[in-house]
Structures are given as C-alpha cells and as structure tokens.
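One structure below.
Throughout, protein chains are lettered first and strands after them, A, B, ... in sequence-line order, and every chain is numbered starting at 1.
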Number of protein chains: 2
Amino acid sequence: MTGKPGKVTQREIARIAGVSQTTVSMVLNDRDGSNIRIPDATRERVRRAIEQSTYVADPAARRLAGLDNKILGVFTYESALTPESMDFYGPLLNGIERAAEGLGCDLLFFTSSPVEEGRRRLFHRNTRLRLADGCVLLGQQMDGDDLERLVTEQFPFVAVGRRDETDAHVPYVGIDYGALTDVLVARAAELGHERAVYVHRDRDSPTARDRLAAVARAEGGPLHVTPAAVGDDLSGLPGLIAGAAATVVFAEDAFLLEDVALVLGEAGLDLPGAVSLAALAEVRGHRLNERPLSGFHLPRQQIAAEALALLQQLISTPPEEHGTVATQRLLQGEVAFGDTLVARGGAR
Amino acid sequence: MTGKPGKVTQREIARIAGVSQTTVSMVLNDRDGSNIRIPDATRERVRRAIEQSTYVADPAARRLAGLDNKILGVFTYESALTPESMDFYGPLLNGIERAAEGLGCDLLFFTSSPVEEGRRRLFHRNTRLRLADGCVLLGQQMDGDDLERLVTEQFPFVAVGRRDETDAHVPYVGIDYGALTDVLVARAAELGHERAVYVHRDRDSPTARDRLAAVARAEGGPLHVTPAAVGDDLSGLPGLIAGAAATVVFAEDAFLLEDVALVLGEAGLDLPGAVSLAALAEVRGHRLNERPLSGFHLPRQQIAAEALALLQQLISTPPEEHGTVATQRLLQGEVAFGDTLVARGGAR
DNA sequence: CTGAAAGCGCTTACAG
DNA sequence: CTGAAAGCGCTTACAG
C-alpha cells in the first residue's frame, strides 16, 4: 500500500552480518539471559551492520509480537488544542508532554474519534486505542460506559480527575477538593464570618459531591454554609443572601463567582466589604476589580505527571498484582487566600 | 506482556458467525469487488456478531499487513506544549488537530525523541515514526540530514515552513514572506519614506533569505533599505540609523523589533514620529506603547490545515505519481498595517 | 552459543 | 460465493 522501498528489516541485517534473524532480534533487545549467550564478536558484527544501515524496528511488528510500544494514548472528551480549551488543558498537556519525554514515550492523540452530542466517543469501529500501551483520559465529563469497558477489557488507563461514578474500580489522579474546602471554610470562620451561601450548578460529578460534602461538614462548626443550587438566572441571589444573613458567598468555580459578583454588584452590595467572595476551584487568571480572587491553586502539571507515572506503573505491573498499587490518588492543592475573602464587616 | 484478556479477534467473530476469518475481514473492509461477492445474509450475520462483541481491529496487525493506519505523525524540534512555545505552536497545533479530525486521523507526537543540543532527533534507535502513515515536521530550525533521509526512504512527510536547504525535493507549506515584504516596503514608500534599515539576526534559513531578497529588490524603487546584521548588543543602532538617514526600521521579527524600540527610545528618538517601525513577521499580540505593531498576520491555522491536506495527498498517491502533486506550497499572509509605520515626519 | 519454527492479528492473492 | 494459505516484521520458546 504505502510501498516501503527504503525499509530495512532484521532479515536484511541478518544477511549482512551473516547470522540468523533471531540473533539480530536478540542483540537488539539485549536478551542476555542464562540460556542465551551471544559472544561479543557476533554482537559487534550485528551492531555494525545495524549502524551502517538505516534500520529501525517496525513498531507495528513489535507490538503485534507482544511487546510494549512506549506509546501512551491521550483521550480528551473535547478538542484539546483550541485557544479556549487551552486554559484548562494547557497545563495538563504540558505536564503530560514533559512526563512522556521523561518516560521515553510517544503520545497518541485520538483526534479521530467521532463526536456525538459534543463529546468524543472513545470506542468506535476504527479505534487505534490498542496501539497504545495505555491511555490517559481527560475531560470534565467522562462516559461511565467507557470507563467500565476499559476496566473489563483490562486495558491500562488512568483518568485525570476523581472518578467514582461507576462500581468499577477506576484508576485516577485528582485533587482533594474536600480538604481544600475545609481550609477555606475555616479561614472564613477565622475572619469572623458566621453565615455563608454556597452557590453551585447542581452538577452530578465526584468533585461537585466532594465540595458539597465539605460544605455539609461545616455544619457543626462556627461557619454555617447554606448550599444553593442555581441555574442561569441569578437574580434571586441578593434576596437569598440577605435572607440567610450571609456575609460570604462561595461559588463552585471562578466563572460562576464572577457572575455572582456581577449580580451582587448591580444590587448595590459593597464587594468584598459587605459580602466576601471565594471560589472552590482554580482562580488563577481571574480577578475582581483588580483583586485576585480567593480560592484554590491546583497543581495541574503535577497531576498530569502523576497520572502518567501511575499509568506507566499499571502497564508494567501484571494485572494480578494490580492490587499492590495505589490506583486512586488525590493530590493536595493549595488555598489561594486572595483579596476577596476579607474580615467580616471589613470596609477596606 | 500486556496480557490482553478482553481482546476479541476476527477468528473469534468468525467462529460465532460460522464463517471463515477471511470472510470477516472482507466484510469489515467492505471488499466487494468483481471476484468477491458476499451475500447480504452472510454479511448480516457477521455484522451482528461484531456488534454483539466488543471487537475492534488491531491497528498493529492492520499496519503490518500493509494498510493505512490513519495515524499522522507530528514531530516538533522543540517541546510543543510549554506555555512559552504556545505562542508559536498553539495556532499550528490547533489547525493540525482540526484537520486531523476532519480527515479521521489520529495524531502521534514523537515526544520520546532524545534531545541533543536543544533539538530533538527524528531518527533514533526506537523511533515509532514508521507507525504513522506520514509525518508533519514543525520547528524553526530543521535538520537537513533528517529531511534528506525522509526523502530517500520515501517516507511521506511535509515540513511546515519553507525548506530548500537541501538538494532533495522537500515538500512543504510555508508563507510567502517575499511578497509580504514587498507590500510593506511599498507602503512605507507611499508614506513618504526614502531610507530604511533592515535589522536582522543573520540567520541562515529560507525565510530569512526570502526577506533579505525582498529587501534587496527594493533597491531600484523609491525606498532604499540597508540591511544590518546584529547580535545581542544593539547599542550601535541609533548611530547606524542616523548615519543612514533612515526614517524606518524593519526588523526580522516582533521580538527583535521590541528590542530595537527599547534602544531607540532610550536614545531619545520619538517613536514612531521620527522613526517608523515594522516587523517582517507575525505581530499578533505585540504592542508598542499600546499601539499595534506594523507587520504581518500569518494564517497559521490554515498552514497547518494545508500541510495535513498535502500530507494526506502524498500518502494516498503512489510514489511514481508524486510528480503530479504540487508539493511546495506558499500561502499568502496578510499585511497588518498597524500603528507604528506612519507617514514620514508624522508627529501624530 | 545459534537457528528453524510458531505465532501475534490482519489482508490479499489464489484456489476451489 | 468462500476458505486455506502465505506473508507483513517481529519475539520467544524450543531444539540442536
């Protein structure tokens, strides 16, 4: 088909070096066990033949014969390289690239996966998934069936972001939002606040649940937090906050927090004097009237690196020993105190 | 090695459907020629067996048997996904991703290539290059030997950016810097300028030569341009400009132009009143005292798309007919008039 | 120490 | 219309 005229094979090398093709393979793969012992002379002869040719092993054949390919798959549920998605994917991809370099692996991006309902499908007629030794999955929303199928087929993979939607045991590397939320809540309490509202989108994801759980945990403490699920219309918010006598608003993410600030500002509230604001998510790059938002800083590059490391571990560990490795890892982020969570009644 | 227990093969499907493995392959690949005619009934039976299983063809085996893989390689001479490189690579990668989606191809990034002297090496012991149907090469500086070897081995590839360092016929998609430079020079002449200096790094690349050639062409026209090769120390520049009685400075790229502006500003020159400034390169994202720079806008996304299209064409055209396809393509960029190239003597 | 053989999963002539 | 066979380039038991 492609007609590979310039292609040199092991057989050719074997002919030149005057040995069998098997021996060439042995030399190439440094097979030097107890049964096989290749004298340095032969070894040298083969080496030289290879150097003088343009031989490179055919990765397809290697793979077919059962070896690792040193290829890691990267599957993103949305396009990863658009300017808009760079905000989220950029640091992750950067981390993945670096980690792959370190591991000596190439990266296969499954850009061909057909898009359905705005999401790519992992499994399809012509998926090249199997060409990779394993795969990292990225995306805000993942498909539960995909995850289950990967587990049943025992294909090594790691999800970026906490996943426990499924019964299946999904390996992942995520962020401990619960712990971060606890710290931020405690901080608000320290600053004298007693009542807060947590504005969220009522999404059904593991991290959303983590945040809600942390908010619920606050119940017993000095700061009482009322969760409030909202849609696109935030006009009821000022009333709700007044009703709850809240002096702090937490929002699910920085974008939502910005929308909230807009509405509260229009309602004539002094921000953050009368009402402090904080996001329970990454706030890098977000500001409120020049002030850095209070919220979290997430080690996205590190997550990516950790995910690849875990994937590599899964690949090189025989399935029966998978119990040995910690396949669900939560990384600790950092609280960004910022300038929008201030002391209660603080005019500033 | 990886132990693929969940793996379904054509043989398995054949067993279920009660046909031969050959027939399964035929059905899968829609082989429906003159000699082979598979009745709809059999076809249906096979289809159903496939649907009910989790069968997906093994890409390694397909490839080994000589078929396309629908995998396009992406080789960058530097890391592509770092925050710094995003400026240059971002739009290109975005274009590549979109084009690959359109072509139904996956993308293999050769992140494993060992780095030598700050550049990745394309050919090495374990290159997975051959797994791809073809490859796009990106980077400011490419290795001539790499290019020649790709040509001799008849491996389909396309360079992004003009390449004519080698004797070998290198397929590329680039920008017509010469034409753009001509336009910008003409524009400066229109604005009344008669003498200009072209500040460059004296690099030996095709595009550098294109710009120099265009500058030389200006000789006969109303605007006389003196080329000036510079190193890191630009302190001689004000004197040089005064000596040449120049009222315009062209620079090789926007970064260099910024450095030039700094030096001239410190020398007390009014910019752009006394001296107009323009870059013979992309100026998007660059400003001089709030003013958009004069220079070019390059259709980077389009270049990427065009490069992939060309690559696909090369892959699907038998080598003997390669003469038929235009393998060296220059795209027209756009002159960004900006606000730093102003009328001669213009105070503004 | 080294080679002939089987096999990985697929495709494509080639015979029925 | 359909199957048995060869072959893609490699690796790894298995015999010498």
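Residues from residues 11-19 of chain A lying near DNA chain C, meaning a heavy-atom separation below 4.0 Å, are V19(A) in numerical order.
Regarding Q21(A), its CD atom lies at a distance of 12 Å from the C1' atom of dA6(C), rounded to whole Å. Going from atom CG of L131(A) over to atom P of dG9(C) covers 14 Å, rounded to whole Å. We find that CE of M26(B) is positioned 20 Å from P of dG9(C), with the value rounded to whole Å. Rounded to whole angstrom, the span from the CG atom of L67(A) across to the P atom of dG9(D) amounts to 17 Å. We find that CG of D40(A) is positioned 10 Å from P of dC1(C), with the value rounded to whole Å. Look at CD on Q10(B): it is 16 Å from P on dT2(D), rounded to the nearest Å. Distance CZ (R130(A)) to P (dG9(C)): 10 Å, rounded to an integer number of Å. Atom CG of N29(A) is separated from atom C1' of dT2(C) by 16 Å (rounded to the nearest Å).
Counting only residues at least two apart or on different chains, the salt bridge (Lys or Arg N to Asp or Glu O under 4.0 Å) pairs with a member in residues 103-113 of chain B are R128(A)-D106(B).
Within 4.0 Å of T9(B), counting heavy atoms only, lie sugar-phosphate atoms of the nucleic acid but no base atom. Heavy atoms of A60(B) sit nowhere under 4.0 angstrom from any nucleic acid atom.
Helical stems in DNA chain C, defined as runs of 3 or more consecutive Watson-Crick or G-U wobble pairs with donor-acceptor distances under 3.5 Å: C:1-3 with D:14-16, C:5-12 with D:5-12, C:14-16 with D:1-3.
Close to dT2(C), at under 4.0 Å from its OP1 or OP2, lies a side-chain N or O of T42(A). The phosphate of dC1(C) has neither OP1 nor OP2 within less than 4.0 Å of any side-chain N or O from T23(A). Note on S25(A): a side-chain N or O is less than 4.0 Å away from OP1 or OP2 of dT11(D).
Side-chain contact check for T82(B) and S79(B): no donor-acceptor pair (N or O, by modelled atom type) lies under 3.5 Å.
Side-chain contact check for F110(A) versus C135(A): some heavy-atom pair is nearer than 4.5 Å. In this structure the side chain of L314(B) reaches within 4.5 angstrom of the side chain of V158(B), judged on heavy atoms. K70(A) is not listed as a side-chain neighbour of S112(B), based on a closest heavy-atom distance of 4.5 Å or more. Under the 4.5 Å side-chain criterion, counting only non-hydrogen atoms from C-beta, L107(A) is not in contact with L108(B).
When each of L147(B), L137(B), D143(B) is paired with L122(B), the side chain to side chain contact (heavy atoms under 4.5 Å, CB included) condition holds for L137(B) and for no other.
Remark on DNA chain D: of its neighbouring residues R62(A) and S20(B), the 5'-side contact belongs to S20(B), judged by nearest-heavy-atom nucleotide.
The side chain to side chain contact (heavy atoms under 4.5 Å, CB included) search around R15(A) returns E12(A), not counting sequence neighbours. A search for ring pair (Phe, Tyr, Trp, His ring centres under 6.0 Å) contacts involving F109(A) returns F109(B), not counting sequence neighbours. In this view, A49(B) and I13(B), I16(B), A17(B) satisfy the side chain to side chain contact (heavy atoms under 4.5 Å, CB included) rule, not counting sequence neighbours.
Residue P39(A) places its side chain closer to dC1(C) than to any other of dT12(D), dG9(D), dC1(C).
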